[in-house]
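Presented below is the structure to which this report refers.
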There are 2 protein chains.
Amino acid sequence: MSPRRSDPATKPALVDIAARLLAENGPQALSTRRIAAEADSSTMTVYTHFGGMSGLVREMVREGFSRLQERLTSVRETADPVADMALLGRAYRFNALANPHLYAVMFGGSSLAGFSLSEEDRQHGRYTLGNVAECAERCLVSGRFRPGDAILVAHQMWTAIHGLVTLELGGYLIPPYDANACVEAQLVGLMVSAGDDWPSATESVARSLERVDEIEM
Amino acid sequence: MSPRRSDPATKPALVDIAARLLAENGPQALSTRRIAAEADSSTMTVYTHFGGMSGLVREMVREGFSRLQERLTSVRETADPVADMALLGRAYRFNALANPHLYAVMFGGSSLAGFSLSEEDRQHGRYTLGNVAECAERCLVSGRFRPGDAILVAHQMWTAIHGLVTLELGGYLIPPYDANACVEAQLVGLMVSAGDDWPSATESVARSLERVDEIEM
DNA sequence: CATTGTTGCATAACAGCGATATCTATTAAC
DNA sequence: GTTAATAGATATCGCTGTTATGCAACAATG
């Protein structure tokens, strides 16, 4: 009873290599052989550390959610919770644009790559909503939002921004209305749909635009 | 100079076989060999008809948008354009739930499967927005929506519903708030964000729920 | 009807993939 | 130091998309 321990640094190193290959050379560059070549080892390392390619992808999904959460938590609380909420939306989009391939794996990899997320993975993804839900709660208690359920409001924010970002990354937005214009309109619309009145929402969204340095990590 | 012509029925037959394999056995069942086996032919048929696997996938994307458009055009115009718009949103979701794998390929396949949509394909996808834009125009001229641009409004509808459906198919919606509840809230919120007042929006969305037989093809 | 040019499609092969069995060698515990 | 257990290398299997080759079938021509 005395196992051989592997270098604890190789596992995150493999995830880094995989993420870099994915970002630089696209999804089809994610092969055990290329990863092994980059890591100066054999294809077996992927199996000993992650149990297979899907295990590595799962780890990358966790990494992706981790980056997203980090970006979201960089939004500071201010006296204007609606502006904070708008900045959360911008942060969500920034993260997706900064890690497009990783983002695609996070939300589209399960149904395409033949691997399925565990319930634990999904739970991890849902915790992302925590920051948004807290901010929604502050919007609710401030009276800016119509009385309702914070998590439901957070859901609406999440799904709307997620859809916008997904279509933007896919190149589906119609040219005259570029993504930035859609984002501004979407953010204002979301705040109004949650109960804020139009002038206040417009002003808060504009104010959040001046705080983008908070989320440009 | 006298070429041999192939059976013009085999090409759509191959697309049908591919769509069936995708729907019944998942994305990893989409292989040239399995398709050839189902069609009682060789793997070369895929190359002579589509120039490769990516060409077949592209054709499936077109098929997917065709089904979506068919479902959207099944929404009849009524005197309540806001209810029509809400029903368009329901139709969009119905189509996605009826063809989940196809839907995943339509919007997530480009960045994952190593194949890229041409600008023509994207243009075809954007035409989907036509129905929504027309309905948005009717909502605008009726005075129910705040004066603005119909296409921009259509964008907001599309992105929001698309995001909701994507997260629903991915299993990311938090249990106590099931997808149906999110849809109702999302639809009402969208109409309000476009300018309709809350009671009218609630009533129109509820009225659209009674018309789901229009879109259950 | 025969010829001929062109093409659809089958066969076989190639490069690459994920995964696995086997083996070696390293390492921690006793 | 001995020993047990695991990390990792090598080779292999079955699968994938793709392509070169060759044959057979069809349309246009005479």
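So you know, we letter chains A, B, ... as the sequences are listed, proteins then strands, and number each from 1. Values in this document were obtained by computation on a predicted structure and should not be read as measured data.
- Between A:Thr32 and C:dG18 there is a side-chain N or O to OP1 or OP2 distance below 4.0 Å.
- Nearest-nucleotide positions on DNA chain C place B:Thr43 closer to the 5' end than the other of B:Thr43 and A:Gly51.
- Closest of all the heavy-atom pairs between B:Ala150 and B:Glu137 is CB-OE1, 3.3 Å.
- Comparing A:Met53 and B:Arg5 by the nucleotide of DNA chain C whose heavy atom lies nearest to each, the residue mapping closer to the 5' end is B:Arg5.
- Counting distance only, with no hydrogens placed and no angle test, the side-chain atoms of A:Arg33 and the base atoms of C:dG16 include no donor-acceptor pair under 3.5 Å.
- Closest to the side chain of A:Met44, from the set D:dT16, D:dT10, D:dT19, is D:dT10.
- In terms of heavy-atom proximity, B:Thr43 sits nearest to B:Ala36 at N-CB, 3.6 Å.
- At C:dC9, one or more side-chain N or O atoms of B:Thr48 fall inside 4.0 Å of OP1 or OP2 (strictly under the cut-off).
- Using a 4.0 Å heavy-atom distance criterion, B:Ser31 is classed as a sugar-phosphate-only contact.
- Checked against a 6.0 Å centroid threshold, the rings of A:Tyr127 and A:Phe65 do not count as neighbours.
- Spacing between atom CG of A:Asn25 and atom P of C:dG16 amounts to 15 Å, rounded to whole angstrom units.
- One atom, CG of B:Leu14, and another, C1' of C:dC9, lie 12 Å apart when rounded to the nearest Å.
- Using a 4.0 Å heavy-atom distance criterion, A:Leu30 is classed as a sugar-phosphate-only contact.
- Look at B:Arg138 and B:Glu134 and you find no salt bridge, because none of the NZ, NE, NH1 or NH2 atoms lies under 4.0 Å from a carboxylate O.
- Using a 4.0 Å heavy-atom cutoff across all strands shown, A:Ser42 reaches at least one base atom of the nucleic acid.
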